[in-house]
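Read the structure below first, then the notes.
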Amino acid sequence: MKTRLASLLQQAISSLQANGWLPEELSVDVQIGHARDAAHGDFTCNVAMMLAKPAKKNPRQIAEAIIQHLPDDKNVSKVEIAGPGFINFFINPESQNTIINTILEQGSAFGTSNIANGKKVQVEFVSANPTGPLHVGHGRGAAYGATVSNLLSAIGYDVHREYYVNDAGRQMDILAASVWLRYLEQCGETITFPSNGYKGDYVLDIASDIKKQNGDAFKATTADVFNNIPADEPAGGDKEKHIDALINNAKTILGEDNYKHVFDTALNSILSDIREDLKGFGVNYDNWFSERSLMDNKAISTAIKKLKDSGHMYQKEGAWWFKSTTFGDEKDRVVIRDNGQTTYFASDIAYHLHTLDRGYDIVDIWGSDHHGYVPRVKAALQAMGADPSRLTVLLVQFAVLYKNGEKMQMSTRSGQFVTLRELRDEIGSDAARYFYVVRKAEQHMDFDLDLATSQSNENPLFYVQYAHARICSVLRLLKEKNISYSPNDGLVHVDKLAESHETSLIDALNRYPEKLTQAAQQYEPHQLTHYLRELAHLFHSYYNSHKFIIDDKELMQARLVLIISTKQVIHNGLNLLGVNAPESM
RNA sequence: GCGCUCGUAGCUCAGCUGGAUAGAGUGUCGGCUUCCGAAGCCGAAGGUCGUGGGUUCGACUCCCGCCGAGCGCACCA
């Protein structure tokens with residue numbers, strides 16, 4: 001309807017330009033908005049005010065002229081000028097009502113479109129280091145990423161969901177060392193656990209699994225393990241140097257194969273836990289992409305070669321640097337360390353290049369603490385001759401957690417965190433999924449665990465689900481009473497729906513496709529949750545003031561198709577959010 | 001110090017990319033069920049949109065300066 005009105009206005013303006021009343025060279029961007037107040041009609045346009053200055057005319061005069069040249073349209077019942085120069089459109093109720101027919105025809109596809117025309121896009125999200133279970137901080141990225149993927153898919157993108165697994169690098173070595181030390185403890189050794197090691201209970205579990213599987217095969221004495229190790233931080237030393245030395249000793253003592261065994265056991269154990277957790281959260285991936293695979297298939301070396309060939313690399317103090325400042329980054333970045341190892345950044349460049357080469361545009365969803373990372377990745381893509389605008393990075397703020405009124409620090413390292421799984425057990429995946437996306441992503445979010453768990457009934461999700469269940473309940477009663485329902489009868493008499501509750505509800509249904517499109521294009525699931533809340537509210541309000549099962553059969557059938565359409569839209573919306581639409585609660 | 005994100009009702013947050021009288025939830029107060037589910041509905045109170053300037057027909061929205069919060073500023077990932 002918006003585009004239709006816009007084209008009507010465009011025609012009017014063009015004819016005014018043709019007869020010289022308006023200057024020819026005017027560039028017009030006709031924007032149609034929804035009227036906030038019913039007294040202002042259904043749609044409103046401010047183009048007359050926008051034109052006032054360039055045309056050097058009074059906005060109300062312009063509006064008057066535009067209206068006179070507006071082509072007739074059967075959907076428009078009335079056009080008015082209001083306020084400083086708004087053009088307000090009143091839409092025929094009959095044309096609004098046809099949405100019910102559309103919804104019933106399209107069913108679960110209603111609202112979706114092919115705006116993106118099958119364009120390939122990869123959404124990469126969560127991608128937490130496999131050094132521990134997911135905590136509630138990761139949950140927000142998971143819910144947000146999954147929903148954004150669904151939204152993009154709904155407007156016609158070919159969406160590829162990917163989890164980038166950081167299975168290479170120092171953090172994983174620290175994990176492997178932590179597991180091995182716990183294992184040695186279980187073999188009877190007395191260990192002073194490094195302050196920089198992973199202290200969570202899951203490390204103990206992995207260690208005891210290894211003990212069960214392999215017995216004493218990886219055993220070593222404490223004296224050997226701590227031979228030639230610089231002091232840890234509590235003893236006045238450097239915790240980073242301490243743990244790095246421990247890792248080195250572990251590698252030497254265990255040998256390559258055994259070390260790899262411990263390493264891989266830890267990795268696989270945690271990764272499969274993460275997979276299961278996300279699956280239970282309704283978050284599914286098309287691919288789990290291994291960072292190590294980039295090294296194996298030379299993707300990293302080819303990316304680096306590309307950078308070198310482009311002339312944007314230089315050597316300094318034994319390391320290779322990428323001159324990212326050329327592309328607006330605040331400083332240059334190391335790609336190959338002086339010890340010959342490539343950095344995480346090198347992997348990431350290769351990963352992004354590889355993904356673009358696979359034909360995907362990229363949507364990365366990162367925690368906001370990585371925001372400083374964006375310019376250097378874009379810089380690298382540009383340096384390699386790729387179009388940096390093909391990469392969109394969406395930043396998700398961390399939720400600030402409160403428990404017992406106190407702020408909680410989440411740290412995988414210290415082992416102090418609330419896991420995503422615990423949250424799901426407490427409030428359920430549906431409530432958690434909804435709760436996470438009800439605020440926009442860049443908004444700092446206060447997450448009161450006590451509120452979320454003890455008063456779960458206050459979760460706004462239940463309000464929406466309840467509307468759906470209520471409609472199902474009406475339909476159940478209909479069946480019990482053996483009253484026949486005919487969609488065709490309803491559609492024939494849809495014009496009997498003239499109560500204000502009914503027209504508002506129909507108006508809301510009309511807005512759904514546009515709302516969905518906008519939420520997807522702007523990567524903003526919260527727009528959809530707010531819409532669903534409003535839709536549910538309009539329904540509850542309607543429900544409280546009118547009965548659906550009534551003696552007037554024609555009106556009853558009309559009301560039934562209306563509430564069934566409403567049920568369908570709620571269902572479609574919740575489905576995109578990864579949330580169930582229950583028949584009863 | 002520099003950069004990014006933010007500051008809207010007691011609390012948690014929207015505000016359709018510059019439009020008409022700034023809106024919801026929650027909390028507080030007052031009403032509504034012989035009738036399809038009261039996890040609901042209706043109403044009231046509650047605001048200097050952090051602050052001071054600027055841009056224009058018009059600013060919560062855009063620009064600049066302050067104040068405050070979170071996060072970044074590694075040869076970690």
Side-chain angles (χ1 to χ4, degrees), chain A residues 31 33-37 39-40 44-46 49-50 52-53 58-59 82-86 88 127-129 131 166 168-172 174 240 291 316-321 330-331 333-345 347-348 367-375 395-398 400 438-448 451 455-463 465-467 469-478 480-481 511 514-515 518-519 522 524 526-527 529-531 533-534 536-537 539-550 563 584-585:
Chain A
Q31 293 175 16
H34 288 281
R36 201 182 302 173
D37 190 332
H40 298 140
T44 179
C45 182
N46 62 0
M49 288 178 290
M50 308 268 289
K53 196 166 192 183
N58 180 314
F86 289 104
N88 292 336
S127 301
N129 285 348
T131 53
N166 296 122
R170 183 165 169 268
Q171 295 305 321
M172 288 305 297
I174 295 176
E240 306 290 350
E291 182 187 352
K316 193 181 87 182
E317 293 161 8
W320 277 94
W321 298 69
E330 50 189 31
K331 53 176 291 194
R333 310 291 172 177
V334 170
V335 176
I336 306 174
R337 294 194 279 244
D338 55 8
N339 65 6
Q341 285 192 329
T342 56
T343 59
Y344 170 82
F345 179 47
S347 301
D348 227 9
S368 61
D369 55 337
H370 284 69
H371 63 77
Y373 204 77
V374 179
L395 299 170
V396 179
Q397 282 288 346
F398 279 134
V400 182
V438 80
R439 306 298 178 216
K440 62 177 179 192
E442 62 269 37
Q443 179 66 247
H444 300 255
M445 184 169 76
D446 283 349
F447 195 137
D448 188 328
L451 197 74
Q455 302 185 357
S456 57
N457 278 0
E458 289 180 14
N459 194 300
L461 167 64
F462 294 115
Y463 184 82
Q465 288 184 322
Y466 182 44
R470 260 186 159 173
I471 296 168
C472 293
S473 175
V474 171
L475 300 178
R476 275 195 300 271
L477 186 77
L478 206 63
E480 278 171 31
K481 290 193 171 175
R511 292 198 318 261
E514 176 196 333
K515 194 47 113 177
Q518 196 173 315
Q522 302 179 354
E524 291 188 344
H526 77 275
Q527 291 196 35
T529 66
H530 284 273
Y531 169 84
R533 216 234 156 249
E534 188 194 347
H537 170 70
F539 170 75
H540 284 309
S541 194
Y542 180 33
Y543 180 95
N544 268 286
S545 52
H546 297 286
K547 289 188 60 111
F548 309 133
I549 301 177
I550 49 177
I563 66 169
S584 65
M585 301 182 64

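In the text below, chain A, chain B and the rest are named by the order of the sequence lines, each starting its count at 1.
Within the nucleic acid shown, A:Gln465 has no heavy atom closer than 4.0 Å to any nucleic acid atom. Among the heavy atoms of the strands, none lies under 4.0 Å from A:Ala467. Note on A:Asn88: a base of the nucleic acid sits closer than 4.0 angstrom, heavy atoms only. Looking at heavy-atom distances under 4.0 Å, A:Ala52 makes no contact with the nucleic acid at all.
A donor-acceptor distance shorter than 3.5 angstrom exists from the side chain of A:His540 to the backbone of A:Tyr463, with no hydrogens or angles considered.
Comparing B:A20 with B:C2, their P atoms are spaced 37 Å from each other, to the whole Å. Straight-line distance between the P atoms of B:G70 and B:C13: roughly 15 Å, to the nearest whole Å. Distance check on atom C1': B:G27 versus B:G68 gives 26 Å, rounded to whole Å. Rounded to whole Å, the separation between the P atoms of B:C62 and B:C6 comes to 9 Å. The separation of B:G54 from B:A59, taken at their P atoms, amounts to 13 Å, rounded to a whole angstrom. Between the C1' atoms of B:G19 and B:C73, the separation comes to 40 Å (whole Å). Nucleotides B:C66 and B:G30, compared at atom C1', are 45 Å apart to the nearest Å. Taking the P atom of each, B:A9 and B:C49 are spaced 10 Å apart, rounded to whole Å.
Annotated as anti: B:U8, whose glycosidic dihedral deviates from 0 by more than 90°. In B:U5 the O4'-C1'-N dihedral to the base is more than 90° from 0, which defines an anti nucleotide.
Straight-line distance from the OH atom of A:Tyr373 to the P atom of B:A74: 13 Å, rounded to whole Å. Rounded to a whole Å, the OH atom of A:Tyr463 is 12 Å from the P atom of B:A24. Distance A:His537 NE2 to B:C41 C1': 9 Å, rounded to the nearest Å. Put simply, NE2 on A:His540 is 6 Å from P on B:C41, counting in whole angstrom units. At whole-Å resolution of the value, NE2 in A:His370 and C1' in B:C71 are 12 Å apart. B:G72 atom P lies 14 Å from atom CZ of A:Arg333, rounded to whole Å. Atom CD in A:Glu317 sits roughly 13 Å away from atom C1' in B:A74 (whole-Å rounding). To the nearest angstrom, C1' of B:C73 lies 15 Å from CZ of A:Phe345.
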- prompt: Could you run down nucleotides 32-38 of chain B 5' to 3' and tag each one B, S or - for protein heavy-atom contact under 4.0 Å?
  reply: ---SBBS
query: What is the per-nucleotide protein-contact pattern of nucleotides 14-19 of chain B, from the 5' end, where B denotes a base atom under 4.0 Å from a protein heavy atom, S denotes such proximity for sugar-phosphate atoms only, and - denotes neither?
result: SSB--B
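Relative to the side chain of A:Arg533, the nucleotides B:C4, B:A77, B:G25 differ in distance, and B:G25 lies closest. Set against B:U5, B:A77, B:C75, the side chain of A:Asn166 has B:A77 as its closest nucleotide. Listed nucleotides B:C41, B:C71, B:U5 differ in distance to A:Asp369; the shortest reach to its side chain belongs to B:C71. For A:Thr343, counting side-chain heavy atoms from C-beta on, the closest listed nucleotide (B:C41, B:A20, B:A77) is B:A77.
A:Asp369 is linked by a side chain to side chain contact (heavy atoms under 4.5 Å, CB included) to A:Phe398, counting only residues two or more places apart in sequence or in another chain. A:Ser368 pairs by the side-chain hydrogen bond (donor to acceptor under 3.5 Å, both in side chains) definition with A:Gln397, not counting sequence neighbours. With sequence neighbours left out, A:Thr131 forms a side-chain hydrogen bond (donor to acceptor under 3.5 Å, both in side chains) with no residue at all.
Residues A:Leu395 and A:His371 share a closest heavy-atom pair of CD1-CB, 3.4 Å. Between A:Met585 and A:Gln465, the shortest heavy-atom contact is SD-C, 3.6 Å. Considering all non-hydrogen atoms of both residues, A:Glu524 and A:Gln527 come closest at OE1-NE2, 2.7 Å. Nearest heavy-atom pair, A:Ala467 versus A:Ala536, reported as atom, atom and distance to 0.1 Å: CB-CB, 3.9 Å. Of all heavy-atom pairs between A:Ser127 and A:Asn166, the closest is O-OD1, 3.8 Å.
Contact of A:His371 with B:C71 (side chain to base): a donor-acceptor pair of N or O atoms is detected under 3.5 Å. If you check distances only, the side chain of A:Thr44 does reach the base of B:A20 with a donor-acceptor pair under 3.5 Å.
Under the 4.5 Å side-chain criterion, counting only non-hydrogen atoms from C-beta, A:Glu240 is in contact with A:Arg170. A:Phe539 has its side chain within reach of A:Ile563: a pair of non-hydrogen atoms, C-beta onward, lies under 4.5 Å apart. Looking only at side-chain heavy atoms (C-beta outward), A:Pro375 and A:Glu330 stay at 4.5 Å or farther from each other.
In RNA chain B, stems built from 3 or more consecutive Watson-Crick or G-U wobble pairs, each with both distances under 3.5 Å, span B:1-7 with B:67-73, B:10-13 with B:23-26, B:28-32 with B:40-44, B:50-54 with B:62-66.
Classification of A:Glu534 and A:Lys515 as a salt-bridged pair fails, no side-chain N sitting under 4.0 Å from a carboxylate O.
Toward the 5′ end of RNA chain B lies the nearest nucleotide of A:His40, the other residue of the pair A:His40 and A:Arg170 mapping further downstream. In terms of position on RNA chain B, the residue among A:Gly83 and A:Val334 whose nearest nucleotide sits closer to the 5' end is A:Gly83.
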task: Dump the intermediate steps for side chain to side chain contact (heavy atoms under 4.5 Å, CB included) on A:Phe86 and A:His40, then the final yes or no.
output: CA-CA 9 Å; A:Phe86 289 104; A:His40 298 140; over 6 Å; no
